[in-house]
Amino acid sequence: MTKRIALSLFVFLAFFVSSAVIAGGIRGKVKARGWKHSGDAVVHIDKVPGATFTAPEKHATMDQRNLVFVPHILPVLAGTTVDYQNSDDVLHNVFSPDKCAEKFNLGTWPKGQTRSYSFKEAGCFPVMLCNVHPEMEAYIVVLENPYYAVSAKDGSYEIKNVPPGKYTLKIWHEKLKGQSVKIEVPEKGEVVADFEIKR
Amino acid sequence: MKKAIVGFLATALLVLVFAVESYAIPAFSRKYRTSCSTCHYAAPMLNAFGKAFKNNGYRYPAGADPEMTKEEPVSLGSEAYKKVWPDAIWPADIPGTSPVSVWAVNRINYAALSDVKWEFETPHEVEILYAGTIGESFSFFGEVEIENDAGDLEIAFPLALQYDDNPALHVRMGMVHADPTPNHLKLTRNHYNVASFRSRNGWRFRDDHAGLEVWGAGNGSGERGGFTYRVGVVNGQGLSDMNKEKDFYGKMTYKIGGLGEVGGTEGAGSNASEFFLDDNVTLGAFMYTGTASKTGVADEDFTVFGGDVDFWYQRFILNGTLMLMDSRITGTPKRNSMVYYAQANAVLYPWLIGLVRYEWEDRDTDQDLVKPVNAIIPGITLMARANVKLIFEFKKFLDEANKKNDTFGFQINFGI
């Protein structure tokens, strides 16, 4: 019994150490020209050859609070279910006019309740709107792997625990043109990739 | 110069009686960073939430106003000064930026019997509107209105200050709601005939009524629908009373179904989502009693009773108002009048609304010689943007005496 525990512990530690060591990171800065700030850009690895990723069982959440979608940009792995919560004492709605999200419309619901939708198609960037408050807007960025980050307002971003290899790194922004660059993530350490995006 | 100023002020005072209350306030859009359609079906017509906002004293329902306000108000004393009262002034705040908006109205008119059949009336009217809250318990709403009336310049400046104890109890002073017609439903450029109908000495609901009013609203069972009430006392005919008598009025409504009159979302979930939807039926009853004066003739005592129904189902709205007036002038026979209208709206798209209204006005129901006036008003309202509204409207008279008085109007309004 003690041997089995020791063996399990060894396997776990070996896996943990190898994952931690044989994985690099990507970091950099985004400069958004002609936009209010450099945040809310989604930097992500386009494809990871030979790998498939299962959506998490835990639902992602997008809140409606003080007539604003929070967060404004929500990247998710394809297959993820997003719960839309109403935290306001007014009726809210969520719908998307985009075909890749089946033009879904969740109706209206009161404070404290949620309604959900599962995003199936990777490469889909549907806009979220509220029919009751037309100024409200948010985006779900549906991706096929979990290697992504949303830039902070100062433009900085960081993607951790990326398996080493050569990839295409892409950037998506709600209003500015996307870009892609080739990168090679080392087994140890980080690769730096900066972006300057504009209309 | 002195003469000109006196003339200007006299004109201003005279035209106060022509004031028309407006509701569209882009200043609220700025305060809450939200679109006009949060509160308006098609500005200035209110949707269910807009009515709940008004019923809360121009505040978000359920005490959520502070967190919904995106413009930081300016403090006129910290909250803690409440502990110091009466040795200090009770604290309050005012809007962070100037709560002023502009609503402009341009018209192109066609009048069949006029010498100038087609006329560009641009502008017809400019309204400088201001509204907001002062701390937790006061609110205000006013306007300075400059209007072209057949070549004459009219200026009016109605305003109201309101004490908001809670949604069920407000005390309003100034421009009060003596007019029972549902202006929150008005989409047309033509006024409701009920509002424009004059007593023999010239009184009508449409004119501004200055006075004091107690009013309130509450939700019905399950936080759906609910009641509103208002009772008040007014001069009757403008800012300066034309006689020693005061006029009294009251109105009550009860809404069955739909969003609660003072908001709240409990039990309100559905598969529908459009801002203009609110399935309900609202029934109302009103009265007004007063004395109208006119130079050179005896005073007229009159009483008005009436009722209205307002039915919202999906994209359709049906509403109608009936008013009965009896007028008594010493030395003349009593006159009984009946006026009503019925209107149907349909939202074809959220930006395109079709409507048709039928009007009937019988000035003297006991006199067959006085023929009733009746007309039909088909129209289209087109919201080019949330704050830019186009109205195409035709008024076709159906009675023999007025059948050549048909009018067509195109109107474009915008608010900023």
Side-chain angles (χ1 to χ4, degrees), chain A residues 35-37 39-40 61-72 82-99 101-118 126-138 140 153 174-175, chain B residues 26 28-41 47-53 56 59-71 167 219 222-224 258-260 262-279 347 349-351 383 385-387:
Chain A
W35 193 241
K36 293 168 273 189
H37 55 78
D40 286 339
T61 301
M62 182 170 271
D63 197 3
Q64 290 170 288
R65 182 180 288 274
N66 299 344
L67 308 191
V68 177
F69 282 111
V70 181
H72 179 61
V82 177
D83 292 342
Y84 295 93
Q85 183 170 319
N86 180 359
S87 295
D88 288 336
D89 218 327
V90 297
L91 291 173
H92 276 306
N93 156 256
V94 177
F95 79 99
S96 177
D98 290 316
K99 274 186 189 170
E102 303 169 297
K103 295 188 175 183
F104 77 86
N105 187 332
L106 301 179
T108 47
W109 59 100
K111 184 179 185 176
Q113 291 187 15
T114 59
R115 291 194 182 180
S116 306
Y117 180 79
S118 296
V127 65
M128 303 291 106
L129 299 171
C130 171
N131 230 337
V132 188
H133 305 99
E135 73 279 5
M136 292 176 67
E137 182 186 278
I140 303 288
K153 280 206 169 163
E174 62 182 292
K175 302 288 184 217
Chain B
F28 287 138
S29 279
R30 283 187 273 277
K31 180 176 178 181
Y32 298 104
R33 296 273 184 268
T34 192
S35 172
C36 310
S37 57
T38 295
C39 287
H40 292 281
Y41 178 97
N47 61 26
F49 181 80
K51 282 182 266 181
F53 178 78
N56 279 276
R59 291 174 177 85
Y60 260 77
D65 205 64
E67 62 208 69
M68 290 298 187
T69 302
K70 307 281 168 52
E71 266 182 2
N219 286 348
E223 300 298 310
R224 311 289 287 151
L259 189 75
V262 297
T265 58
E266 194 178 312
S270 78
N271 288 326
S273 62
E274 287 80 4
F275 61 90
F276 48 82
L277 298 179
D278 186 44
D279 293 356
V347 176
Y349 289 94
W351 50 271
M383 301 302 295
R385 297 289 182 274
N387 61 338

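Each chain gets a letter, A, B and so on, in the order its sequence line appears, and its residues count up from 1.
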Does the side chain of B:Tyr60 come within less than 4.5 Å of A:Val90's, by heavy atoms?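 Yes, side chains in contact.
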
Non-hydrogen atoms of [X] and [Y] that approach each other most closely:
| X | Y | value |
| --- | --- | --- |
| B:Ala62 | A:Asp89 | CB-OD2, 3.0 Å |
| A:His133 | B:Thr34 | CD2-OG1, 4.1 Å |
| B:Met68 | A:Asn66 | SD-CA, 3.6 Å |
| B:Arg33 | A:Glu135 | O-CG, 3.5 Å |

Mark yes when over 12 heavy atoms from residues, nucleotides or ligands other than B:Lys70 sit less than 6.0 Å from its NZ; otherwise mark no.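 Enclosed.
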
What distance do B:Leu277 atom CG and A:Asn131 atom CG have between them, rounded to the nearest 0.5 Å?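 It comes to 8.5 Å.
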
In terms of heavy-atom pairs under 4.5 Å, which option from A:Val94, A:Asn93, A:Leu91 contacts chain B the most?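 Maximum pair count with chain B is reached by A:Leu91.
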
Using a cut-off of under 4.5 Å for heavy-atom pairs, which of A:Leu106, A:Asn86, A:Thr108, A:Leu67 has the most such pairs with chain B?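 Among the listed options, the one with the most contacts to chain B is A:Thr108.
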
Between A:Arg115 and chain B, which part of the residue has a heavy atom less than 4.5 Å away: side chain, backbone, both or neither?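 Looking at A:Arg115, just its side chain touches chain B.
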
Please flag which part of A:Val68 lies under 4.5 Å from any non-hydrogen atom of chain B: side chain, backbone, both or neither.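 For A:Val68, the side chain is the part near chain B, not the backbone.
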
